[in-house]
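All values below were derived from every heavy atom in this structure, side-chain atoms included, with hydrogens, water molecules and symmetry-related copies excluded.
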Amino acid sequence: MALLKTNRPFLKLLPTGCRILSCCFSSRIIEQPPYWHKIFPDKRIRNFDEMPTVGPVIEEYKNFKIHESYQRWVKDVGHVVKELFPDGSCCVHVYYKDDFKTVYQNDGGHPLRKSHGIIAKYRQDRPLIYGNVGLGPGLGAEWAKLRKMIPSGVGGKYYLPFRYDLEGITNDFIELILSKLDKNGEVELLPLLFRWAFESIGFVVLNRHLGSLRFDGEEEVNNLIEAAHLTNEIVFLSNVCDFEKQYERLVPIQDYFASKVIQYVEDTINLHSYGPCIVTNLWEAGFDVKLIPILIMDLFQGAIATVPLTLTWALYHLSRCPGIQERAREELIERMPTKQSKYYKNIEGERRGELLLEPGHASPHVQAILRETLRLSPPIIGNGRVSQKDLVLGGYMVPAGTMIVLQIQAACMLEDYFERPSEFLPDRYIDRNKYHQVTGVNIPFGFGARFCIGQPFAHGQLILALSKILRNFEVSYDREEVGVINRLHNEPDRPVIFKMKPLKQ
């Protein structure tokens, strides 16, 4: 009681003290003005009609060169650009980190986007087969119903039990490369990477080998891979032109692709001979049996292209940087003293660190190479959202319901965010003080509730495959320079023929 009496005068001063303290801190925490105030010194928010406008630019889409226009617009047109389409609709392209943040912060629980509409039509036209349009075109509660089946993405419990099998599949891939080298020690690697990716996702999804890595490959596997690539091209073109013509192309391709994947799923559920996997886990969890094949189709469709293309671009850049390649190999030799050494060791304590791009686990140089590849040559140009409320982006009022494209690839080429942005410099992720860079810009797999469902799987596979390739081969390339075409993904514009010199030990 005596203590309370002593402190009463202090208690009377506490409210005033809090106000003084609050004033002190508020004077130090100054909210930075929007970046566009420097562009528009009058600080006036412009209306939507004042936004610089381009288009329609259909030929760039048909030539698969629209990514070049996207990168040019931010320099020649403006920091926010409205693109018109032939049907009178439009979308808005944004290039600055602050605008990315604004869009993601206003995503809501069910982020919306306008894409893969042609896949939605195909599945809606077949209600007896499909109970959902899928992850790509799905919106609102329909999308959320499918996404909650694997809420954290294809990683963790869906990857860890299979990591030793996935390493075995990657070892088979290395052997396939050796068998395919011509007399000059050269090989077109990308088709083999597609087959490796198909086999890998197939094992996690179905817990079975699909024969993708046999010397000549399974004809069925090759047809499915080709169907997935053609589907991506059709989705890309249908977004801007010739919807009915593209739909005619899509139907037989998706009829084939869907029939085969549905058969895979049914065999896995009915035969009970393959063991635990994503399909059996979902079935035993009681999810609608009509939804499982849709999710599996989308996983196959996404996994076939993204990782192989990223690895191809990584090796292409490395072929021009032998010093970086060698430093990565020196780190890998410490982990794998011989070419026969296992990447995933049977150590109970090693878990997520070896699957994700985290410091202290995978080779720092392998991590840096992949981060820099995803910055300079990402699998896609960016992410799209349909705004659910009016937003101020770059000083313009963008009305709700507008399609917004977050131009992440183009942003990663801006000197505002990266020093010497057009150069392949993995060292920028080794010594972060050496080169100017801004975090939160290089986000190729998206952000928030609608991040790429395959991101954890992709990261694990990228690290595993690049580590194994560099530990087994010295990679070089001495042909003409490779350009980029975009058919939903950033692809090489010609066959990339690598020289793969096997290491002695």
Side-chain angles (χ1 to χ4, degrees), residues 31-39 66-81 91-107 111 113 306 309-310 313-314 317 356-359 364 367-385 387 391-396 398 404-452 455-456 458-459 462 484 486 489-490:
E31 186 175 348
Q32 293 295 319
Y35 79 92
W36 55 267
H37 280 188
K38 294 181 180 179
I39 300 172
I66 189 61
H67 58 286
E68 295 180 357
S69 297
Y70 293 155
Q71 294 181 31
R72 185 174 64 250
W73 291 345
V74 66
K75 298 177 180 178
D76 297 346
V77 181
H79 60 293
V80 181
V81 178
C91 74
V92 169
H93 301 270
V94 295
Y95 296 86
Y96 277 76
K97 176 184 175 180
D98 291 1
D99 294 326
F100 298 167
K101 183 178 179 181
T102 298
V103 172
Y104 281 133
Q105 284 182 334
N106 291 278
D107 251 352
R113 70 176 195 168
T306 304
L309 287 169
T310 302
W313 289 119
H317 293 308
L356 303 178
L357 303 178
E358 294 180 358
Q367 296 177 71
I369 289 163
L370 291 171
R371 287 187 187 276
E372 182 69 342
T373 301
L374 289 168
R375 182 194 68 83
L376 193 60
S377 306
I380 59 175
I381 61 97
N383 297 300
R385 290 290 187 270
S387 58
L391 300 175
V392 176
L393 299 176
Y396 295 94
V398 178
I404 302 167
V405 179
L406 283 62
Q407 289 287 352
I408 293 167
Q409 181 181 12
C412 286
M413 297 296 290
L414 297 177
E415 292 183 352
D416 305 59
Y417 297 134
F418 292 96
E419 183 178 344
R420 296 159 61 183
S422 62
E423 297 182 42
F424 182 72
L425 296 170
D427 276 0
R428 73 174 84 242
Y429 295 103
I430 298 291
D431 184 355
R432 291 183 176 272
N433 296 321
K434 188 174 181 180
Y435 301 97
H436 162 73
Q437 62 183 304
V438 176
T439 60
V441 180
N442 186 12
I443 43 176
F445 290 94
F447 181 81
R450 201 154 185 163
F451 80 98
C452 174
Q455 177 181 4
H459 280 175
L462 285 168
V484 181
N486 187 284
H489 295 92
N490 289 319

- Task: Step by step, work out the ring-ring contact (aromatic ring centres under 6.0 Å, His included) result for Phe451 and Phe445.
- Result: CA-CA 6 Å; Phe451 80 98; Phe445 290 94; 9.2 Å; no
For a 4.5 angstrom cut-off between non-hydrogen side-chain atoms, does [X] reach [Y]?
X      : Y      : result
Ser422 : Met413 : yes
Val405 : Val94  : no
Arg371 : Arg375 : no
Ile404 : Cys91  : no

Shortest non-hydrogen contact between [X] and [Y], atoms and distance:
X      : Y      : answer
His489 : Leu309 : CB-CD1, 3.6 Å
Gly446 : Asn383 : CA-ND2, 3.3 Å
Ile381 : Gln407 : CD1-OE1, 3.6 Å
Pro421 : Cys412 : CB-O, 3.8 Å
Ala411 : Val441 : CB-CG1, 3.9 Å
Asn106 : Thr102 : ND2-O, 2.7 Å

- Message: Could you go through Tyr95 and Ile408, starting from their C-alpha distance and side-chain angles, then the distance that decides it, and tell me whether this counts as side-chain contact (heavy atoms from CB on, under 4.5 Å)?
- Response: CA-CA 7 Å; Tyr95 296 86; Ile408 293 167; over 6 Å; no
Roughly how far, to the nearest 0.5 Å, is the [atom2] atom of [Y] from the [atom1] atom of [X]?
X      : Y      : atom1 : atom2 : value
Thr306 : Ile380 : OG1   : CD1   : 7.5 Å
Asn442 : Leu376 : CG    : CG    : 10.0 Å
Phe100 : Leu406 : CZ    : CG    : 5.0 Å
Leu374 : Leu462 : CG    : CG    : 6.5 Å

- Working for side-chain contact (heavy atoms from CB on, under 4.5 Å), residues Trp36 and Val392: CA-CA 10 Å; Trp36 55 267; Val392 176; 4.1 Å; yes
- Over 12 non-hydrogen atoms of neighbours within 6.0 angstrom of OH in Tyr104: yes
Any donor and acceptor pair, going by atom type alone, linking the side chain of [X] with main-chain N or O of [Y] inside 3.5 Å?
X      : Y      : value
Asn490 : Asn486 : no
Lys97  : Thr439 : yes
Arg113 : Gly384 : no
His79  : Gly394 : yes

- Sequence neighbours left out, what passes salt bridge (Lys or Arg N to Asp or Glu O under 4.0 Å) with Arg428? Give chain and number order. Glu372
- Note on the structure: Sorted by chain and number, sequence neighbours left out, side chain to side chain donor-acceptor pair (under 3.5 Å) with Tyr417 holds for none
- Item | Sequence-distant partners of Asp427, side chain to side chain donor-acceptor pair (under 3.5 Å), two or more places apart | Arg327
- Message: Whether Asp107 and Arg385 form a salt bridge (side-chain N of Lys/Arg under 4.0 Å from carboxylate O of Asp/Glu) is what I want to check.
- Response: yes
- Query: Can you list every pair that meets salt bridge (charged side-chain N to carboxylate O under 4.0 Å, His left out) and has a residue in residues 410-421, with sequence neighbours left out?
  - Reply: Arg420-Glu423
In a table with atom names and distances, give each donor-acceptor pair under 3.5 Å that connects a side chain of residues 68-75 to protein atoms at least two apart or in another chain.
unit_1	atom_1	unit_2	atom_2	d
Ser69	OG	Arg72	NH2	3.3
Tyr70	OH	Tyr61	OH	3.0

- Query: According to the ring-ring contact (aromatic ring centres under 6.0 Å, His included) rule, which pairs have a member within residues 421-444, sequence neighbours left out?
  - Reply: His317-Phe424
